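From a predicted model like this one, the values you see are computed outputs, not experimental measurements.
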Amino acid sequence: MTDYDVIVLGAGGAGYTAAFETSRGGMKVLMLDPKFVLGGNCLYEGCIPSKTYWLGASFIEKSKKLPFLNAKVSFEKLVEWKDLVRKTASFNTIKR
């Protein structure tokens, strides 16, 4: 069994930051997460997806005030955009 200086429970925003910063300080870190993914609830179910949907809905609502713009709404495209934002955020998290 490997010895660790620090064990971090949870790979959410606070957990992965703590693990990466502690590791940069030269300590051996073990990070455990029940979902086995970096980013936690915010990235996968909370902040990022909901804010992406909110931004899309906000744009649609604001576009109604512009008589020269006739925006069509595609829920499928909005979901694809949300997935791209989440994937980009996830990639940026891992790149640290």
Over all heavy atoms of both residues, which pair between [X] and [Y] is shortest? Give the atoms and the distance, please.
{"X": "Trp81", "Y": "Leu55", "value": "CH2-CD2, 3.6 Å"}
{"X": "Tyr16", "Y": "Met31", "value": "CA-SD, 3.7 Å"}
{"X": "Gly12", "Y": "Asp33", "value": "N-OD1, 4.4 Å"}

Sequence neighbours left out, what pairs pass salt bridge (Lys or Arg N to Asp or Glu O under 4.0 Å) with at least one residue falling in residues 62-71?
Glu61-Lys64
Thr22 side-chain N/O to Ala18 backbone N/O, donor-acceptor pair under 3.5 Å:
yes
Sequence neighbours excluded, the answer for salt bridge (charged side-chain N to carboxylate O under 4.0 Å, His left out) partners of Asp5 is none
Any residue meeting side-chain contact (heavy atoms from CB on, under 4.5 Å) with Leu30, in chain and number order, not counting sequence neighbours:
Tyr4, Ile7, Leu32
Contacts of type side-chain contact (heavy atoms from CB on, under 4.5 Å), residue Ser23, not counting sequence neighbours:
Val29
Give, for atom CZ of Phe75 and atom CG of Leu78, the distance between the pair rounded to the nearest 0.5 Å.
6.0 Å
